[in-house]
There are 2 protein chains.
Amino acid sequence: MSPIGRKVSTTKGGQTKALILETALKMFRDHGYESTTMRAIARKAGVSLGNAYYYFPSKELLIQAFYHRTHQEHLAASLPMLEKELSLKARLLDVMRLKIATLEPYHEFAGALFKTAAHPQSALNPFATASDAVRQASIQLFADVVTKSKARIPEDLRVELPYLLWLYHMGIILFWIHDSSRKRARTYRLIDHSVDLLDRVISLASNPLMRPLRKRALSLVDELREGLPLDSEDPESTVEGRQK
Amino acid sequence: MSPIGRKVSTTKGGQTKALILETALKMFRDHGYESTTMRAIARKAGVSLGNAYYYFPSKELLIQAFYHRTHQEHLAASLPMLEKELSLKARLLDVMRLKIATLEPYHEFAGALFKTAAHPQSALNPFATASDAVRQASIQLFADVVTKSKARIPEDLRVELPYLLWLYHMGIILFWIHDSSRKRARTYRLIDHSVDLLDRVISLASNPLMRPLRKRALSLVDELREGLPLDSEDPESTVEGRQK
DNA sequence: GAGGTTTCTTGAACGCGTTCAAGATTATTG
DNA sequence: CAATAATCTTGAACGCGTTCAAGAAACCTC
């Protein structure tokens, strides 16, 4: 929907906010999340501690900004490939590899991310409303992976597939966070194998003979999603719209 | 292996430690994790702050003790049922329901648990060595669910099934943590449906025709486990053995 | 441009998890 | 029993995330 480029706010406050965010992300990348203190961020950005808190009321909210940022980068990296007409398998493979590549500079930081991400009370757990926008956008990306592929997939499955692939991608990220192999070789291997398997399972599930089982599985997925905030009463909850 | 009962240490130190733990768990249950401070725990237990830290060098370690405790309770609740000869489906269903029932008093607290649990650097993330013992014991429980059931399952799958079911059970817990429905109705519904589905998928996967796909899936599971600490160099790493 | 209003900025202060040097208590040994 | 060692206990102190009352700067409005 929105273009990729960073919107560089021209207002005074917007620039200060951007400055703080850039400083924070750089420090997170270089020294990790825990050991980067709010005081250090403020000092390096040349603002007071209170000022940093004026724009980011909690350290966690800097993570949310990170979510947003890396999603944009991943999207930008994926778009050219998504234009091409490829098999579902090839498209998924590319998207997943690009995701990991995008996150790679922040590997250590991302651990802290998941820490808060899994917390129900946290504003950034991926199932909560606050991160709605980014999540929706992320699911949309997988919708693009599915939609424009020429794979023959029954409608019922096709509808749920983006969400399922998003869940799958969260699992891969969880694995990646724990992966300390050289050049993240194990994660890439896992992606290769799991995408291959997923492709086969999708084919199998698309077989008419599998219809009853498929229906059951899909109603289970419904169960899963039901409680999650699917709808945002706020109609302009685009990725950009949630800036506060 | 070991009996269920709490081992009440007779030494002075052991009793102080137990007192602190009991106080902490009670307060966690009543007021949640975050708002229960180490100072409050110490005060209520009638010891000094530093003393609490002597026995539990971090607040997180209290969570690990909680892990251990609830696993023991879950095991105790499951054992009578596991004696009976039931179908795999029935056994799994019971074990899962009992798990949720065991955790229920700590629902709010458990959120904080997962928060740290997902963190790679944390001592308690379920994939790390420190929680090895409890995890192994937990997987063992699912091994019991599988082994003594009369389901006809090919050997290759049978071997990996306990670990897979453990992963599944972690997923259910993650859902439960986010579940705010009355009496956790949605979680129980999810368990019913997912166990039913799992049972069918296992049957399907056991079909000789499915052998190639099954082999692929299982080699993927291998990939998953590879990096995780499967072996503990410490031979007496029983549930009890890891008390330090 | 004076007066008022919104936006931005500051640093002191609070409560938290955690550390640690010092002392008290208990166990072990000759 | 005295002396030494091991264990346990204490509370002050540190750095952290976060809050907040107070003020400065920018922006209106007439």
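The structure displayed is predicted, hence computed values, not measured ones. So you know, we letter chains A, B, ... as the sequences are listed, proteins then strands, and number each from 1.
- Using the six-membered ring where Trp is involved, A:H107 and A:W176 have ring planes that are perpendicular, over 60° apart on the 30 and 60° scheme.
- A cation-pi arrangement is absent between B:K59 and B:F28 under the rule of less than 6.0 angstrom and at most 45 degrees off the ring axis.
- Considering only the side chain of B:N51, D:dT9 comes nearest among D:dT9, C:dT7, C:dT18.
- Nucleotide D:dT7 holds its P atom 11 Å from the OH atom of B:Y55, rounded to whole Å.
- Between B:Y53 and the phosphate of C:dT18, there is a side-chain N or O to OP1/OP2 separation shorter than 4.0 Å.
- The separation between B:R43 atom CZ and D:dG11 atom C1' is 14 Å, rounded to whole Å.
- End-to-end axis angle of the helix from C:dG1-D:dC30 to C:dG30-D:dC1, using five pairs per end and rounding to 10°, comes to 0°.
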Worked verdict on B:T70 versus B:Y106 for side-chain hydrogen bond (donor to acceptor under 3.5 Å, both in side chains): CA-CA 10 Å; B:T70 53; B:Y106 299 94; over 6 Å; no
A:R69 vs A:E22, salt bridge (charged side-chain N to carboxylate O under 4.0 Å, His left out): CA-CA, chis, key distance, verdict: CA-CA 11 Å; A:R69 164 75 52 93; A:E22 293 311 313; 2.7 Å; yes
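- Atoms OH (A:Y54) and P (D:dG23) sit 18 Å apart, rounded to a whole Å.
- Counting only heavy atoms from C-beta on, A:L49 has its side chain closest to D:dT18 among C:dT7, D:dT18, C:dT10.
- A straight line from NE2 of B:H31 to P of C:dG15 spans 18 Å, rounded to a whole angstrom.
- Put simply, the side chain of A:R39 and the base of D:dG17 share a donor and an acceptor less than 3.5 Å apart.
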